[in-house]
Amino acid sequence: MNAAATTHPLRDSTTMVRRNLKRMVRYPSMTVQLIAMPILLLLLFVYVFGGTLGAGVGGPSGGRAEYINYMVPAILLITIATTVQGTAVSVAMDMTDGIIARFRTMNIARVSVLTGHVIGSLIQAFLSMAVVIGVALLIGFEPRASFGGWLALVGVLAAVAFALVWLTVAIGQTSQSVEAASSLPMPLMFLPFLGSGFVPTDSMPGGLRWFAEYQPFTPIMESIRALLMDNPVGDDLWIALTWCAGIALLGYVWAKKLYNRKT
Amino acid sequence: MNNAAQLAISVSGLRKSFGDKTVLDGIDLNVPQGTIFSLLGANGAGKTTTVKILSTLIAANGGRAEVAGHDVASDPDSVRAAIGVTGQFSAVDNLLTGEENLRMMADLNHLSKKDRKRRTADLLERFDLTEAARKPASTYSGGMRRRLDLAMTLVGNPRVIFLDEPTTGLDPRSRRGVWQIVRELVADGVTIFLTTQYLEEADELADRIAVLEDGRLVAEGTAEQLKRRIPGGHVLLQFSEPSGFQTAQRVLGQDAHSDGDALALRVPNDGSLHSLKALLDRLDHESIDVDTLSVHTPDLDDVFLALTGDSDNEKVIDR
Ligand SMILES: Nc1ncnc2c1ncn2[C@@H]1O[C@H](COP(=O)(O)OP(=O)(O)OP(=O)(O)O)[C@@H](O)[C@H]1O
Ligand SMILES: [Mg+2]
């Protein structure tokens, strides 16, 4: 390493984050589409299914009001899932545009290209979740979290978003086209349904119930729900954070390996 | 030129294969600082592969390559700090404007705010993009995008520049504009490694040219040296009368070849005044009536066709 080859990871990452935020602003139809999906699901589940499903989730009052409090965590995860779908598309666009090839021939902190996507997407995820929570509050969502609870909630959501974003930064690099990239993270959208997102897992048949109880989204949604409703979180929080750490590590290592490949 | 410090690019025994397919099979080349080197080759010959290896994008399977005094395999970051690359396919951010693309490059090259502003404005002006500066690159024409791509490469003042088919798809005026910029860069001491499909371009710009074929460099030298390597120069004599044609054929004997069915003879000739005069004297001596006479000197197209590809062009070499 000589003087000419020293890198500036912080400065380069800032440049890359700015680039990604600009791209989101420049391509608003995508952002709108990514926020619209969870909001539509929210309205659908609250107004169409809420009356019936609310009776099944227990609680003092039951019905629609109780149901919205139950399903907001799932909607938040779906918001993160749609955001990372955007991440995959954005990364795949970079690959097909050839701009990644340009970055690779430049003496910039290698990881900054990826952290640019990661931090940009985290910002987008939090803005989207704020909008979604705003809509939920308008239609009757009544969180009971304390201030500390909200802080913990932000931490958990950040951990989940961080993990899933790294995973899709890798996935985006593997896909051969932008179209393929947009469909690869689809399973993430379904995981809240195949867990305790919209109905309690004990209402499910054997095999599915087993999957629902052990898949990562269930402890994550249980933790978010407990924090929002100011209930004790128990072991779910540690299980959730362990899952996040594992997924983040896998995504990070995989994404870096793909970025540094030289074939 | 033996001094390694004077070489901007130095390659020996470079090999690369993709699976079973050997693309580069032992390439040696040296490019002195401040010169233009042009790599020619048919489609799929391995030009882009060579550029990718030298610009640290992919790893070679064997051999050694140094760029700007640094080994591409063991010290890629130092190589990256010295080079600029304009690849065969455009590498601009289509969602950003031209100006934003250049500003991003300035930031990634760690220029100060003041330098960034000046450099961006300079390059927009120089590449005739000032008017389109605030429009997203996705709305640019192919030529504009190509120019923006090149401008982005120059932001960091690289000492060695790789241009992979930089003028493909440009109109003749833009192409000359790029040539002019390349000449200015070299005048400032920058080294250029250029691949091109336009032989005119290599002829116009390059100090040295190499031809890549079947994974090896089959020829290397100045444009003049390469042209001399193939016996492409000839004089075409056109006769109006069969009698003149036959007499000339007898007089010139071995030297002359009939050119198709027409009453025309193709006589090898290097086009110099001396050899032309000698030919004319022979014809005049026999009072042969020549209808028209035209001189053909070989161009790089002849060189290219003779050195690359097979069967069809064999006769060019045999002639
Ligand atoms: N990643 C890859 N995997 C497999 N084969 C490859 C890969 N990249 C290039 N090749 C093969 O290597 C050969 C050389 O390709 P390259 O792009 O270097 O050619 P080129 O001389 O630049 O051609 P062109 O004039 O068409 O740009 C081609 O046969 C190509 O199919
Ligand atoms: Mg090529």
Side-chain angles (χ1 to χ4, degrees), chain A residues 1-31 86 89-117 120 178 257-263, chain B residues 16-19 48 51-61 67-70 72-73 75-97 100-101 103-110 116 136-138 145 149 152-153 155-156 158-159 161-162 164:
Chain A
M1 283 299 246
N2 61 21
T6 49
T7 55
H8 302 73
L10 211 63
R11 188 159 173 199
D12 293 344
S13 296
T14 313
T15 305
M16 290 300 179
V17 171
R18 202 178 311 133
R19 157 171 188 259
N20 281 293
L21 292 178
K22 259 188 209 143
R23 284 164 65 88
M24 287 166 196
V25 174
R26 222 30 77 63
Y27 195 28
S29 60
M30 174 111 135
T31 311
V89 169
S90 187
V91 170
M93 275 168 89
D94 272 4
M95 304 310 275
T96 50
D97 276 357
I99 190 124
I100 292 264
R102 177 183 286 286
F103 293 148
R104 278 199 186 122
T105 62
M106 293 178 67
N107 180 38
I108 52 182
R110 297 232 103 193
V111 79
S112 66
V113 177
L114 304 179
T115 48
H117 278 289
V178 175
K257 189 166 167 212
L258 288 171
Y259 185 76
N260 287 328
R261 80 187 142 181
K262 273 195 161 199
T263 49
Chain B
K16 176 73 185 176
S17 41
F18 294 104
T48 299
V51 169
K52 282 184 174 168
I53 293 172
L54 295 181
S55 60
T56 77
L57 268 179
I58 60 176
N61 299 127
V67 175
H70 307 286
V72 295
D75 192 5
D77 281 335
S78 297
V79 173
R80 290 179 192 128
I83 64 170
V85 187
T86 296
Q88 184 171 3
F89 304 104
S90 90
V92 307
D93 190 325
N94 282 313
L95 296 185
L96 301 186
T97 67
E100 286 168 340
N101 267 296
R103 272 218 297 262
M104 173 176 73
M105 294 304 285
D107 286 338
L108 292 174
N109 280 293
H110 311 119
R116 179 178 79 183
S138 55
R145 195 186 311 255
D149 208 336
M152 287 167 73
T153 301
V155 172
R159 303 309 298 157
I161 298 181
F162 294 92
D164 196 359

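Only this structure's heavy atoms are used, side chains among them; waters, hydrogens and symmetry mates stay out. A, B, ... follow the sequence lines: proteins, then strands. Residue 1 opens every chain. Not measured: the values here are computed from a predicted model.
Tested against Thr48(B), the residues Leu57(B), Asp164(B), Ile53(B) include a single side-chain contact (heavy atoms from CB on, under 4.5 Å) partner, Asp164(B).
Annotation: maximal heavy-atom pairing with chain A below 4.5 Å, among Asp93(B), Leu96(B), Asp107(B), Thr97(B), occurs at Asp93(B). Counting heavy-atom pairs under 4.5 Å between each of Thr105(A), Asp12(A), Thr15(A) and chain B puts Thr105(A) at the top. Looking only at heavy-atom pairs under 4.5 Å with chain B, the residue among Ile108(A), Ile99(A), Thr14(A) that has the most is Ile99(A).
Side-chain contact of Arg11(A) with Ser112(A): a donor-acceptor pair under 3.5 Å is absent, judged by distance alone.
At a 4.5 Å heavy-atom cutoff, the contact between Asp149(B) and chain A is made by backbone and side-chain atoms alike. With a 4.5 angstrom heavy-atom cutoff, Val92(B) touches chain A only via backbone atoms.
With Tyr259(A) as the aromatic partner, Arg104(A) meets the cation-pi criteria of under 6.0 angstrom to the ring centre and within 45 degrees of the ring axis.
A heavy-atom distance below 4.5 Å is found between the side chains of His117(A) and Arg19(A).
Between Glu100(B) and Arg23(A) there is no salt bridge, since no side-chain N of the basic residue sits under 4.0 Å from a carboxylate O of the acidic one.
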